[in-house]
**Q** 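One structure is given below, represented as structure tokens, and several questions about it will come after.
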Amino acid sequence: MAASPTPPNADSPCVAVATSGGRDSTALLHATAHAAQVQGLRVVALHVHHGLQTVADAWVENLQAQCREWASQGLPVELRWCRLEGRPARGESVEAWARNGRYAALARMAGEAGAHIVLLAHHRRDQAETFVLQALRGGGAAGLASMPREAWRDGICWVRPWLQLSREAIEAYVDAHGLVFVEDPSNEDHGFARNRLRHQVMPALSAAFPEAEQSLAAAARQAQQARECLAALADIDLQRAVQDDKLRIGDVTALPPARQVNLLRHWLWQRCGRGASETLLQRLVRELPGEPPASWPAGEHVLHRYRGLLRCEAAGQGTEMAADASPCAVSLPEPGRYRLEGWPGWLEVTPVSGRGVSPRQLQNCLAQPRQGGEQFQLKPRGIPRSLKKQYQAEGVPAWRRSGPLLWLGSDLLFVPGLGIDARQWAPNGEVQWALEWVADGAG
Ligand SMILES: Nc1ncnc2c1ncn2[C@@H]1O[C@H](COP(=O)(O)OP(=O)(O)OP(=O)(O)O)[C@@H](O)[C@H]1O
């Protein structure tokens with residue numbers, strides 16, 4: 001290859017290569033450095049020392065020597081490396097800890113070097129293995145899509161230029177250029193699923209089905225297309241069903257079940273930043289139709305059905321009350337909606353045939369925040385209990401507890417999320433009204 005007439009300098013555009021020191025990334029670094037030399041680009045080799053094996057110290061030294069040598073031959077390459085701090089937490093997968101730490105460190109080092117593109121040396125066999133591992137974990141289209149050729153994350157474009165290339169082609173390149181690389185002994189550790197697959201399963205599969213690797217990699221590409229289509233469909237359905245940050249349940253349940261699952265999966269991903277379990281998705285499809293308030297735990301979040309809307313909030317979050325609102329006199333002369341000064345929401349008054357309070361009780365009552373120590377009676381023959389216990393027993397989520405308590409003198413009339421105190425219920429057959437507190441944003 002002819003050298004560039006203007007050699008790259010510190011201001012030249014820069015591409016990074018994630019380099020473990022193994023066969024594939026050494027070959028990719030070498031090939032990239034040669035191509036960059038022609039195009040006047042800088043190449044920065046990024047290496048992460050996971051701090052898990054002492055032998056890894058020698059890999060850093062090898063890479064330093066290798067890059068120095070190539071630079072002395074005129075290749076525009078420099079090495080940046082770092083060592084991960086800390087250890088995997090108890091019970092945490094070592095692989096997952098190393099992968100997360102590695103990608104974070106690569107993104108940071110690339111940013112420091114001024115590189116927006118990081119090349120990874122995954123090839124076709126890696127892709128075929130990833131597909132099988134995902135299938136064995138019961139993954140759907142998103143998992144089976146395996147590794148993308150290009151993806152933007154953390155302000156970096158991660159590119160796998162050799163994803164369609166066979167390992168044999170890379171081996172031939174390494175031999176042709178006499179490249180030296182390191183062997184990671186942990187690649188032999190059969191405690192890792194990928195190593196068991198690589199050493200025990202893939203050779204048998206390829207012996208029985210010579211095209212296995214190509215076919216599995218092609219299946220991954222098909223799954224990628226399927227995933228993109230599902231995401232596009234979810235966007236269409238979301239636009240129809242979303243109201244602020246909530247979902248209109250009627251619009252969700254009007255869809256066929258598989259499309260409901262797709263929509264819910266995407267919405268939950270957006271809201272929670274992680275995938276929802278299949279069990280939760282199936283449960284939602286079964287249980288979402290219905291009127292009464294209901295809640296479903298979703299990892300570190302909780303989903304609430306309320307007045308035809310599905311909302312997602314962090315578990316344990318919620319405004320219990322506007323503690324700074326002052327007590328105020330309230331008169332509710334007829335059914336309707338009433339805003340109370342200082343309270344973010346409204347009281348809704350509706351005629352009912354039971355469990356209501358006589359309208360005359362509502363002509364001159366007092367709204368005030370919870371003070372603590374109030375006792376609420378749920379049923380006529382029950383006993384008064386603290387609001388906290390009553391809320392827990394009824395499973396009332398925190399956000400439905402916001403709002404004022406209504407008092408008539410020293411008698412508690414109404415509690416948000418629980419309703420009218422049974423001691424104040426009007427006799428059957430008499431005119432009576434129910435109250436409900438609707439917090440802003442909930443309706
Ligand atoms: N410690 C590391 N530092 C920097 N990049 C890494 C490191 N480990 C892996 N990578 C990048 O991720 C890709 C895939 O990692 P994987 O663990 O499958 O490869 P490897 O067997 O360690 O090495 P190679 O792919 O170089 O043979 C590597 O090709 C390389 O681009």
Side-chain angles (χ1 to χ4, degrees), residues 15-33 43-64 66-67 77-85 93-110 112-113 115 117-133 146-151 153-154 156-175 177 179-189 192-199 202 217:
V15 60
V17 180
T19 315
S20 67
R23 180 200 312 263
D24 308 321
S25 51
T26 300
L28 182 62
L29 178 61
H30 183 264
T32 309
V43 177
V44 53
L46 304 178
H47 177 73
V48 180
H49 185 319
H50 295 113
L52 296 171
Q53 311 183 76
T54 40
V55 65
D57 294 343
W59 302 344
V60 177
E61 286 162 24
N62 287 350
L63 275 170
Q64 282 168 328
Q66 176 89 89
C67 289
V77 62
E78 63 162 305
L79 175 72
R80 291 184 182 228
W81 72 280
C82 72
R83 192 188 171 105
L84 294 187
E85 300 290 335
S93 137
V94 179
E95 281 169 300
W97 176 85
R99 189 172 50 246
N100 292 339
R102 181 166 70 244
Y103 277 105
L106 289 172
R108 183 177 46 72
M109 289 192 288
E112 287 164 2
I117 296 177
V118 178
L119 306 184
L120 299 155
H122 295 104
H123 50 75
R124 194 176 66 194
R125 191 189 70 182
D126 297 325
Q127 182 76 325
E129 288 169 0
T130 305
F131 182 88
V132 175
L133 285 171
S146 308
M147 295 180 282
R149 191 182 176 281
E150 276 178 35
R153 214 176 44 245
D154 303 326
I156 301 283
C157 186
W158 305 87
V159 183
R160 297 180 173 90
W162 284 357
L163 204 51
Q164 312 248 22
L165 208 63
S166 70
R167 180 177 155 85
E168 292 70 29
I170 298 173
E171 274 169 2
Y173 182 93
V174 167
D175 291 345
H177 293 277
L179 301 181
V180 181
F181 57 89
V182 296
E183 301 272 10
D184 180 349
S186 74
N187 285 344
E188 300 302 316
D189 183 346
F192 294 124
R194 184 177 289 271
N195 291 341
R196 288 199 300 280
L197 182 71
R198 178 170 297 173
H199 297 299
M202 293 304 279

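Since the structure is predicted, the reported quantities are computational estimates derived from the model, not experimental observations. Ligands are counted one by one from 1 in listed order, and the atoms in each one are counted from 1 as well. Both backbone and side-chain heavy atoms feed into the values below; hydrogens, waters and symmetry mates do not.
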**Q** Determine, stepwise, if the pair R23 / D175 fulfils salt bridge (Lys or Arg N to Asp or Glu O under 4.0 Å).
**A** CA-CA 10 Å; R23 180 200 312 263; D175 291 345; 5.6 Å; no

**Q** Is there a nitrogen or oxygen of R198 sitting under 3.5 Å from a nitrogen or oxygen of ligand 1?
**A** no

**Q** Which residue and non-hydrogen atom of the protein lie closest to atom 31 (O) of ligand 1, and at what distance in Å?
**A**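 Residue, atom and distance for the closest contact: A18 O, 2.7 Å.
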
**Q** Taking N or O atoms only and a 3.5 Å limit, does L106 qualify as a polar contact for ligand 1?
**A** no

**Q** Is it the side chain (CB and beyond), the backbone, both or neither of L46 that lies under 4.0 Å from ligand 1, heavy atoms counted?
**A**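 The backbone, only.
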
**Q** Just verifying a value: how many Å separate D154 CG and L106 CG, rounded to the nearest 0.5 Å?
**A** 10.5 Å

**Q** What do you reckon, does L120 put a non-hydrogen atom under 4.0 Å from ligand 1?
**A** yes

**Q** Using the six-membered ring wherever Trp is involved, compare the ring planes of H177 and H30 and label them parallel, tilted or perpendicular (cut-offs 30° and 60°).
**A**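 Ring orientation of H177 relative to H30: tilted.
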
**Q** Heavy-atom contacts with H50 under 4.0 Å: which atoms of ligand 1 show up? List them by number with element.
**A** 1 (N)

**Q** Of the choices A98, A27, S20, which has the non-hydrogen atom that lies closest to atom 22 (O) of ligand 1?
**A** S20

**Q** Between the main-chain N or O of S20 and the side-chain N or O of S25, is there a donor-acceptor pair closer than 3.5 Å?
**A**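 Such a contact is found between S25 side chain and S20 backbone.
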
**Q** Give me the residue, atom name and distance of the protein heavy atom closest to atom 3 (N) of ligand 1.
**A** V48 N, 3.0 Å

**Q** Could you tell me whether S25 and ligand 1 have an N or O pair separated by under 3.5 Å?
**A** yes

**Q** Rounded at 0.5 Å granularity, tell me how far CD in E95 sits from NE2 in H50.
**A**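 Rounded to the nearest 0.5 Å, the CD-NE2 separation comes to 11.0 Å.
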
**Q** Starting from atom 21 (O) of ligand 1, locate the nearest protein heavy atom and write down its residue, its atom name and how far away it is, to 0.1 Å.
**A**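 Sorting protein heavy atoms by distance from atom 21 (O) of ligand 1 puts N187 ND2, 3.8 Å first.
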
**Q** Which ligand 1 atoms are under 4.0 Å away from a heavy-atom of G22?
**A** 26 (O), 27 (O)

**Q** Donor-acceptor pair, distance only, cut-off 3.5 Å: does the side chain of T19 make one with the backbone of V17?
**A** yes

**Q** Is any heavy atom of the protein nearer than 4.0 Å to atom 16 (P) of ligand 1?
**A**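 No.
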
**Q** Identify the closest protein heavy atom to atom 14 (C) of ligand 1: which residue and atom is it, and at what distance?
**A** H122 NE2, 3.0 Å

**Q** Tell me if a side-chain donor or acceptor on W158 pairs with a main-chain N or O of R153 at a distance below 3.5 Å.
**A**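 Between the backbone of R153 and the side chain of W158 there is a qualifying donor-acceptor contact (under 3.5 Å).
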
**Q** Does ligand 1 come near enough to G21 that some N or O of the ligand is less than 3.5 Å from an N or O of the residue?
**A**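 No, since none of the N or O atoms of G21 sits under 3.5 Å from an N or O of ligand 1.
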
**Q** Verify, without hydrogens or angle tests, whether D24 (side chain) and H122 (backbone) share a donor-acceptor contact under 3.5 angstrom.
**A** no

**Q** Would you say atom 5 (N) of ligand 1 has a protein heavy atom nearer than 4.0 Å?
**A** yes

**Q** Enumerate the atoms of ligand 1 whose separation from the nearest heavy atom of A121 is less than 4.0 angstrom.
**A**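 Answer, ordered by atom number: 29 (O), 31 (O).
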
**Q** Answer with side chain, backbone, both or neither: which part of H49 has a heavy atom less than 4.0 angstrom from an atom of ligand 1?
**A**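 Neither part.
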
**Q** Side chain, backbone, both or neither: which part of D126 comes within less than 4.0 Å of ligand 1 when only heavy atoms are counted?
**A**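 Near ligand 1, D126 shows nothing, with every heavy atom at 4.0 Å or more.
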
**Q** Would you find a donor on one side and an acceptor on the other, under 3.5 Å apart, between the side chain of H199 and the backbone of N187?
**A**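 At least one qualifying donor-acceptor pair exists.
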
**Q** Can you check whether M147's main-chain N or O pairs, donor with acceptor, with Q127's side chain at less than 3.5 Å?
**A**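 Present.
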
**Q** Just by distance, do the side chain of R125 and the backbone of S166 share a donor-acceptor pair under 3.5 Å?
**A**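 Between the backbone of S166 and the side chain of R125 there is no qualifying donor-acceptor contact (under 3.5 Å).
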
